[in-house]
J.: 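Input: one structure, supplied below.
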Amino acid sequence: MTGADGLRDTAEEWPVTATDVPWTGKVTGVRSDVVTMPDGSTARRDYQVHPGSVAVLALDDDGRVLVLRQYRHPVRHKLWELPAGILDVPGEDPVVAARRELFEETYTEAADWRVLVDIFNSPGGSDEAVRVFLARELSEATGERYEVSAEEADLEYARVPLADLVRAVISGELHNSCLVAGVLALAAAGAGDGIAALRPADAPWPARPFTA
C-alpha cells in the first residue's frame with residue numbers, strides 16, 4: 001500500500017478455543033487465550049487485561065508542557081511523564097477522567113480540550129488502550145487539593161518548552177510512551193494542519209467505548 005488513503009488499523013478477532021484468567025489484581029489481570037491461527041494451528045497468547053488509560057499534554061500560553069517525574073519500579077527508572085491515570089470507572093467519559101487526573105496530579109484546570117493521539121501501549125503483551133489529550137488555556141485549580149501518597153508523594157514538576165521535549169525524545173533521553181507519543185503528535189500537528197484540525201475531546205474511541 002502506498003500513500004495515506006485507506007491506511008488505518010482495523011478491528012479483527014481470530015477464534016479463541018479456550019481462555020483462562022490465572023491471575024487478577026486490583027485493577028489489571030492476566031488472561032491466557034488459545035488462538036486459532038490462519039493456517040489452522042493454535043497458539044497460546046498470555047497478556048495483561050487492562051481497563052485503559054488517559055494522559056494529558058497540558059500546554060501553557062508560553063508553549064511549555066507540564067511534565068512530572070515519577071519513580072516506576074518495573075523499569076527501575078524515574079521517568080518524566082504527562083499527567084495520566086487508569087480508567088477504573090467502567091464506561092466513564094475519558095475526558096472526565098483526564099480532567100480529574102490533571103487536577104489530582106498538578107492542581108491545574110484547562111478550558112480547551114482536544115484528542116491528541118490514541119495508542120495501544122504494548123499490543124504484543126497487553127490490551128491497554130490510551131487516549132492522550134491536549135489541554136490548553138490552563139489555570140490553577142480551585143477546591144481542596146488531592147492528598148498524594150506512595151510514589152506520588154515524591155513527584156517532581158516542570159514546565160518545559162515543546163521543542164526541548166522533542167529534542168530529548170529524539171536523543172533517547174525520554175522514554176515514557178504517553179509523553180513520547182503526545183510530544184511528537186503535537187509537534188507533527190503544529191507542522192501540519194494545526195491544532196484546530198485535532199479531533200474534539202468527545203471523539204469516538206472504539207477501543208474503549210464510553211458514555212459522554
J.: If you round to the nearest 0.5 Å, how far is OG1 of Thr142 from OH of Tyr107?
T.: 6.0 Å
J.: Going through the checks in order, is the side-chain contact (heavy atoms from CB on, under 4.5 Å) test met by Val34 and Val16?
T.: CA-CA 6 Å; Val34 177; Val16 174; 5.7 Å; no
J.: What are the two closest non-hydrogen atoms of Ala110 and Leu102, and how far apart are they?
T.: CB-CD2, 4.2 Å
J.: If every non-hydrogen atom of Thr36 is compared with every non-hydrogen atom of Trp14, which pair is closest and at what distance?
T.: O-CB, 3.7 Å
J.: Taking atom CG of Asp62 as the centre, does the number of heavy atoms from other residues, nucleotides or ligands within less than 6.0 Å exceed 12?
T.: yes
J.: Under the salt bridge (charged side-chain N to carboxylate O under 4.0 Å, His left out) definition, can you give me all pairs with a residue in residues 200-212, not counting sequence neighbours?
T.: Asp127-Arg208
J.: Side chains of Asp93 and Thr211: closer than 4.5 Å at any heavy-atom pair?
T.: no
J.: Of the non-hydrogen atoms in Ser32 and Pro22, which two are nearest, and what is the gap between them?
T.: N-CD, 4.3 Å
J.: Which value, rounded to the nearest 0.5 Å, describes the distance between Ser122 atom OG and Tyr47 atom OH?
T.: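 Separation between the atoms: 13.5 Å.
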J.: Here's a test for you: under side-chain contact (heavy atoms from CB on, under 4.5 Å), which of Val65, Leu57, Val115 qualifies with Leu134?
T.: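 When Val65, Leu57, Val115 are each tested with Leu134, the side-chain contact (heavy atoms from CB on, under 4.5 Å) holds only for Leu57.
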J.: Could you work out, with side chain to side chain contact (heavy atoms under 4.5 Å, CB included) as the rule, every residue matching Pro51, not counting sequence neighbours?
T.: Val27, Thr28, Ile86
J.: So, Arg99 side chain and Val96 main chain: donor-acceptor pair closer than 3.5 Å or not?
T.: no
J.: Answer yes if Val180 and Leu82 sit in the same cluster of Ile, Leu, Val, Met, Phe, Trp and Tyr residues linked by side chain heavy atoms under 4.5 Å apart, and no otherwise.
T.: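 Yes.
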J.: If you round to the nearest 0.5 Å, how far is CH2 of Trp80 from CD of Glu156?
T.: 5.5 Å
J.: What heavy-atom pair brings Phe133 and Ala201 nearest, and what distance separates the two atoms?
T.: CE2-O, 3.6 Å
J.: For Val132 and Val56: C-alpha separation, side-chain torsions, deciding distance, then whether side-chain contact (heavy atoms from CB on, under 4.5 Å) applies.
T.: CA-CA 6 Å; Val132 183; Val56 184; over 6 Å; no
J.: Are side-chain heavy atoms of Arg114 and Ile195 found at a separation under 4.5 Å?
T.: yes
J.: Minimum heavy-atom separation for Pro209 to Pro206, with atom names?
T.: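 Closest pair (atom of Pro209, atom of Pro206, distance): CD-O, 3.4 Å.
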J.: Transitively linked via ILVMFWY side-chain contacts under 4.5 Å: Val95 with Val117?
T.: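 No, Val95 does not connect to Val117 through the hydrophobic network.
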J.: Excluding sequence neighbours, so at least two apart, what forms side chain to side chain donor-acceptor pair (under 3.5 Å) with Arg136?
T.: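 By the side chain to side chain donor-acceptor pair (under 3.5 Å) rule, Arg136 matches Asp112.
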J.: Do Val67 and Ile119 belong to the same hydrophobic cluster, where Ile, Leu, Val, Met, Phe, Trp and Tyr are linked whenever their side-chain heavy atoms lie under 4.5 Å apart, directly or via other members?
T.: yes
J.: Without hydrogens or angle criteria, can the side chains of Ser53 and Glu128 be said to hold a donor-acceptor pair below 3.5 Å?
T.: yes
J.: What's the spacing between Asp33 CG and Glu13 CD if we round to 0.5 Å?
T.: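 Reported value, rounded in 0.5 Å steps: 8.5 Å.
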J.: Let's go through Lys78 and Asp154 carefully: what are the C-alpha distance in whole Å and the side-chain angles of both, what is the deciding distance for salt bridge (Lys or Arg N to Asp or Glu O under 4.0 Å) to 0.1 Å, and is it a yes or a no?
T.: CA-CA 10 Å; Lys78 273 192 170 183; Asp154 190 48; 2.8 Å; yes
J.: Can you measure from CG (Leu179) to CG (Leu174) and round to the nearest 0.5 angstrom?
T.: 5.5 Å
J.: First locate atom OG1 of Thr106, then atom CD of Glu140, and finally report the distance between them rounded to the nearest 0.5 Å.
T.: 10.0 Å
J.: Please determine if Asp118 and Arg131 form a salt bridge, counting it only when a charged side-chain N lies under 4.0 Å from a carboxylate O.
T.: yes
J.: Tell me if a side-chain donor or acceptor on Asp60 pairs with a main-chain N or O of Arg64 at a distance below 3.5 Å.
T.: yes
J.: Can you name the closest pair of heavy atoms from Gly182 and Leu116 and give their distance?
T.: O-CD2, 3.3 Å
J.: So which residues get pulled into Trp23's cluster when ILVMFWY side chains under 4.5 Å apart are joined, directly or through others?
T.: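 Trp23 clusters with Val30.
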J.: For Asp39, does its backbone N or O pair with a side-chain atom of Ser41 as donor and acceptor, under 3.5 Å?
T.: no
J.: Just to verify, what does Glu81 make a side chain to side chain contact (heavy atoms under 4.5 Å, CB included) with, not counting sequence neighbours?
T.: Leu68, Gln70, Arg72, Leu79, Asn176
J.: side-chain contact (heavy atoms from CB on, under 4.5 Å) for Glu92 and Phe210? Distances and angles first, verdict last.
T.: CA-CA 6 Å; Glu92 183 179 33; Phe210 61 93; over 6 Å; no
J.: Assess the residue pair Leu87 and Val54 against the criterion (side-chain contact (heavy atoms from CB on, under 4.5 Å)); give the C-alpha distance rounded to whole Å, side-chain angles, the decisive distance to 0.1 Å, and a yes or no.
T.: CA-CA 7 Å; Leu87 290 169; Val54 291; 3.8 Å; yes
J.: Sequence neighbours left out, cut at 3.5 Å: what donor-acceptor pairs do the side chains of residues 162-172 make with other protein atoms?
T.:
{"from": "Asp164", "atom 1": "OD1", "to": "Arg167", "atom 2": "NH2", "distance (Å)": "2.3"}
{"from": "Ser171", "atom 1": "OG", "to": "Arg167", "atom 2": "O", "distance (Å)": "3.0"}
{"from": "Ser171", "atom 1": "OG", "to": "Ala168", "atom 2": "O", "distance (Å)": "3.2"}

J.: Judged by atom type as modelled, is there a donor-acceptor pair below 3.5 Å linking the side chain of Tyr157 to the main-chain atoms of Glu105?
T.: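 Flag set: sc Tyr157 to bb Glu105 pair under 3.5 Å.
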J.: State, without any angle test, whether Ser177 and Asn121 hold a side-chain donor-acceptor pair at a distance under 3.5 Å.
T.: yes
